[in-house]
Amino acid sequence: MKKGDHLFLIDGSGYIFRAYHALPPLTRKSDGLPVGAVSGFCNMLWKLLKDARDTDVGVVPTHFAVIFDYSSQTFRKDIYPEYKANRTAPPEDLIPQFGLIRQATRAFDLPCIEKEGFEADDLIATYARQATEAGGDVTIVSSDKDLMQLVSPQVWMYDGMKDKQIAIPEVIEKWGVPPEKMIDLQSLTGDSTDNIPGIPGIGPKTAALLLEEYGDLDTLLARAGEIKQNKRRENIIAYADQTKIARQLVTLRTDVPVEVDLDAFVLEPQNGPKLISFLKAMEFTTLVRRVAEATDTDASAVEPCHVETEWGADARGPDLDLGTAPEVTGTDNIEPAAAVAGGKASDLVAWRTSQALAQKIDTSSYTCIRDLKLLESWLDEALEKGVMSFDTETNSLDPMQADLIGFSIALESGKVGYVPLQHKSGQDDLLGGGFVEGQIPFDAAIKALKVVLEDRSVLKIAQNMKYDWLIMRRYGVNIVSFDDTMLLSYVLDAGANAHGMDALAERWLGHKTIVYKDVAGTGKNAVTFDMVDLDKATAYAGEDADVTLRLWQVLKPRLIADGLTSVYERLERPLVAVLARMEERGISVDRQILSRLSGELAQAAAGYEEEIYELAGEKLNIASPKQLGDILFGKLNLPGGAKTKTGQWSTSAQVLEDLAAEGHELPRKIVDWRQLTKLKSTYTDALPGFINPQTKRVHTSYSMAATTTGRLSSSDPNLQNIPVRTSEGRKIRTAFVAEQGNRLISADYSQIELRVLAHVADIPQLKQAFADGIDIHAMTASEMFGVPVEGMPSEVRRRAKAINFGIIYGISAFGLANQLSISREEASQYIKTYFVRFPGIRDYMDATKEFAREHGYVETIFGRRAHYPEIKASNAQIRAFNERAAINAPIQGSAADIIRRAMVRMEDALDAAGLSARMLLQVHDELIFETPEEEVEKTIPVIRDIMENAAMPAVSLSVPLQVDARAAHNWDEAH
DNA sequence: GTCCGACCGTA
DNA sequence: TTACGGTCGGACG
């Protein structure tokens, strides 16, 4: 740097906030990413640089740098902890733009400067000093008054948004003092935006007057007694110390030990393709064209670069385990830019929604792709666009068994292709099941498809991606970079809408999808998809891809508009592959054990049947509640109590138990018979049928979008309801075994829902009890009934336990009375006592109900929403039910979120520890692993650590989480 | 063949 | 009193 050189310093952080508020909001059209500030920044930089390079008149930079704040932790906080303490978190749609603007800076080939502990202003002050000392001139691109103290004959400011120079006369005009007195002026007035205290009653005008009269701040303070106005004099004397602190805060440091030298700021010629690559990724089409012209670059030959977006910080604090959003690249042709430019996130949503409804779906327009060259051209286009929807067609709903019959892709709404691969000809064919002519050879098609599915720069959109992910895995394809419309809908509308494709198409596109039965037949006429003729298959499969892409266009922008991006990014999308791998691994189930159990159960049940017929006086179908009710309460005239809502006699276990307690023999036998036959039919007989013939293991299927609260559900088979409460039932668990040389590890959260309750409702006694690790139900009983924990009767503890659970479920006197078989009055009294002892619980319940009524949903501690559209129902029963569910959802849902977070982190943690344990199952608060015997000891602490710290750092719970873990040969012993 | 209610297994 | 899925019987077409 030498005389004649000119340094431009851009206040990047200041620009971000100013542009965000001053410029019309703008979102990237392909996915709704907010980019308004990025756009303003790029346009401004381009203008500055273009002038600099094109002309030899005016102010021309030779050196250029963009300066950012590193974080809010600076030396000023050490001087004055309240500094900027009034700042609120940035708006959600501004968050991803911080990182993008840094990437933009690098795309412009400009230095991107920040330093821990210092503000951008201090770095600017330091570099400005260095430059002027070397004889150069400086332009600071900012309009922040905090920087005006730096203005001098060699340094001036430039407001990039108003295109206005700020030199010494402009400072005097605006503030009434020259730049060198700005520090004194700001020390007197303070600054409410930075929470810097000033002297009450002194604003810029008075401050300027005083400085005019007394020269500077020190003189003013020394001679404050001479001030005539009483109030003003008193305040200046009283707050003199405060102004000295303020002076320290507003004075910019010119001695920051910077690491990058001024010489590194020398401006080089623009690298056109590099910049264009970034601008293309941002979809700034106008600027792309300008830059291309100015740098003589062929923009069409430039690939959009990958951009990383940070959805990390939200109102709940920063997070570390953040999956980055998939890189979405040029999709200029999804819709006209003009229609969305300048719109807010919510405008984009409204526009997309109306477009989606307006555009009709024509399933006859789809292309059946039967030629490899044609397929390759479609896939090339997908690579170019960076977005496509994708759907597999198979011959089974079980992804572990299904064969791939074909797949469909959509590149734009209506631009849809179906690729048949393994369709067979009709049953009339003498050879039976020969492949239909003119399908692309299977391996060649997969090979071509694999390139796109495994390319990170192409976003694959599917409805229920876990299924397609598993199918493709079986053909050696690892899908990366995807969105899932089912999960988008789930995050946005759990409890408010269904998330199946048919329902979503109806709701958002006003389109009724082709019914599968109409394509493949029904009942005994049903055929698998490989037997469907190609025209029908193309329409059906193509529609799925078409609908999926259109749904994504509507749903994805709603994430940002509703502030739900982090829920989707952290709790849903990363879990897809984790669950898919768990399903893929399966668990080993010992067929012999089940078979033996089944025999024993059959024998025992048969014995009961004889006795039951005897006692009933006739043969009947014991499994028929109708017949049972008629005999018990009609023929035998037992004192029947309850009726079901359809008017039938209730024969529930509760009713039968009550009768048994009165000494009746038959009801007891029926209860026992029911237990045996339930175990037999639901478990010992059904489970062997789920053993996969190839893997010899049982592969459950997890649904990520089945519950309102965020819990998973398991089906085919349901492995989340394997018996555990009775010793008979537990025998079933002994059939779930580890492979030779391995062990099963079961790790479960202890009392996680009560811990979450203690945290969210902020109950001191509960928190203390968990901190001390004491028996929570005994503590509750002791508080409520005044009984010491020492030697407490088990019945007292049992009641307290029922109440604790009742609280989590949104207690009612009716329900508690039922649960404990006590009167409504007594139950009501218990609840009253509970609320007296733990008043915070009632406050929490009232607040939650109120929140639900106001918003129509409730939230977990991680921001997941559960909707209760009927919370205001006029029917009191429906309303009360919704209120209880709304009270329960944040507790159950927060616990569900915590274990989801643990699962998302678990595989990497085990890998990093060099352990080979495989996560197999999740049962709401429990995770089951299989691991080599010799690794058990090392594995358990790793699992426990991940699970116990799963809420961190997004949420710091005020209660410790406790995980119990054990290893054994089978699930019964491990649990 | 399909749907729904009753019942019961889990957290 | 919360959240699920599976099995069965029985009614409907």
Side-chain angles (χ1 to χ4, degrees), chain A residues 494-495 517 521-526 620-629 642-656 670-671 674-683 685-687 689-690 700-703 706-726 728-730 732-733 748-749 751-754 757 802-820 824 827-828 830-831 845 858 866 868 880-893 895-896 899 921-926 975:
Chain A
K517 285 170 192 159
T522 179
K524 62 176 189 251
N525 298 320
L620 73 154
N621 188 343
I622 310 169
S624 164
K626 187 175 181 299
Q627 294 181 35
L628 215 48
K643 293 269 183 80
T644 67
K645 63 180 167 199
T646 53
Q648 294 277 326
W649 292 109
S650 169
T651 65
S652 70
Q654 181 67 59
V655 169
L656 299 181
I670 295 168
V671 168
R674 276 209 185 136
Q675 197 205 353
L676 298 176
T677 53
K678 169 91 175 178
L679 293 176
K680 183 169 184 292
S681 67
T682 308
Y683 302 105
D685 289 355
L687 278 173
F690 286 102
T700 184
S701 174
Y702 289 104
S703 172
T707 72
T708 308
T709 55
R711 274 193 177 181
L712 302 177
S713 78
S714 155
S715 64
D716 312 296
N718 181 352
L719 295 186
Q720 290 180 323
N721 71 345
I722 302 302
V724 72
R725 288 178 189 178
T726 66
E728 281 304 306
R730 270 201 301 278
I732 307 219
R733 291 201 169 208
D748 67 291
Y749 285 106
Q751 309 281 15
I752 187 167
E753 293 191 352
L754 276 174
L757 174 70
I803 295 166
N804 277 333
F805 276 100
I807 294 297
I808 291 171
Y809 298 153
I811 202 158
S812 78
F814 180 82
L816 184 63
N818 264 343
Q819 182 67 30
L820 285 175
R824 283 267 287 281
S828 183
Y830 281 1
I831 295 168
M845 289 180 154
V858 291
Y868 292 94
F881 175 78
N882 277 271
E883 287 175 353
R884 290 194 297 271
I887 288 168
N888 174 252
I891 304 168
Q892 187 185 114
I899 197 166
L921 303 178
Q922 189 250 41
V923 192
H924 308 308
D925 66 359
E926 175 188 14
H975 185 75

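Chain identifiers are assigned alphabetically (A, B, ...) following the order of the sequence lines, protein sequences preceding nucleic acid strands; residue numbering begins at 1 within each chain.
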Between the protein and nucleotides 6-9 of chain C, are there any N/O to N/O pairs under 3.5 Å, and if so, what are the atom names and distances?
residue : atom : partner : partner atom : Å
C/dG6   : OP1  : A/D716  : N            : 3.0
C/dG6   : N2   : A/K678  : NZ           : 3.4
C/dG9   : OP1  : A/N621  : ND2          : 3.0
C/dG9   : O3'  : A/S624  : OG           : 3.0

Problem set entry | Working for side chain to side chain donor-acceptor pair (under 3.5 Å), residues A/S812 and A/R824 | CA-CA 9 Å; A/S812 78; A/R824 283 267 287 281; over 6 Å; no
Contacts of [X] that satisfy side-chain contact (heavy atoms from CB on, under 4.5 Å) - sequence neighbours left out:
X	result
A/F881	A/R884
A/A706	A/S703, A/S713
A/Q627	A/L620, A/N621, A/S624

Exercise. Do the charged groups of A/R711 and A/E753 touch, with an N to O distance under 4.0 Å?
Worked result: yes
Base, sugar-phosphate, or nothing: which does [X] touch, judged by heavy atoms less than 4.0 Å apart?
X	value
A/T677	nothing
A/F814	sugar-phosphate
A/G810	nothing
A/Y749	nothing
A/S703	nothing
A/A802	base
A/A706	sugar-phosphate
A/R725	base

Exercise. Looking at A/R884, does any N or O in its side chain come under 4.0 Å of the phosphate oxygens OP1/OP2 on C/dT2?
Worked result: yes
Problem set entry | Where chain A begins and ends its contact with DNA chain B, read 5' to 3' at 4.0 Å from heavy atoms | B/dG1 to B/dA11
Quickly work out the [X] [atom1] to [N] [atom2] distance and round it to whole Å.
X	N	atom1	atom2	answer
A/L816	C/dT2	CG	P	13 Å
A/L628	C/dG10	CG	P	11 Å
A/Q720	C/dA3	CD	C1'	10 Å
A/R824	C/dT1	CZ	C1'	12 Å
A/L757	C/dT2	CG	P	16 Å
A/Q922	C/dC4	CD	P	14 Å

Exercise. Yes or no on side-chain contact (heavy atoms from CB on, under 4.5 Å) for A/H924 and A/I899, after CA distance, side-chain angles and deciding distance?
Worked result: CA-CA 8 Å; A/H924 308 308; A/I899 197 166; over 6 Å; no
Problem set entry | A/K678: partners by salt bridge (Lys or Arg N to Asp or Glu O under 4.0 Å), with sequence neighbours left out | none
Exercise. With sequence neighbours excluded, what pairs up with A/E883 under the salt bridge (Lys or Arg N to Asp or Glu O under 4.0 Å) test?
Worked result: A/R853
Exercise. With sequence neighbours left out, what residues match A/Y683 under side-chain hydrogen bond (donor to acceptor under 3.5 Å, both in side chains)?
Worked result: A/N721
Problem set entry | C/dT2 base stacked by A/Y809 (centroids within less than 5.5 Å, tilt under 30°) | yes
Problem set entry | Under the ring pair (Phe, Tyr, Trp, His ring centres under 6.0 Å) test, residues paired with A/Y830 that sit two or more places apart | A/F785
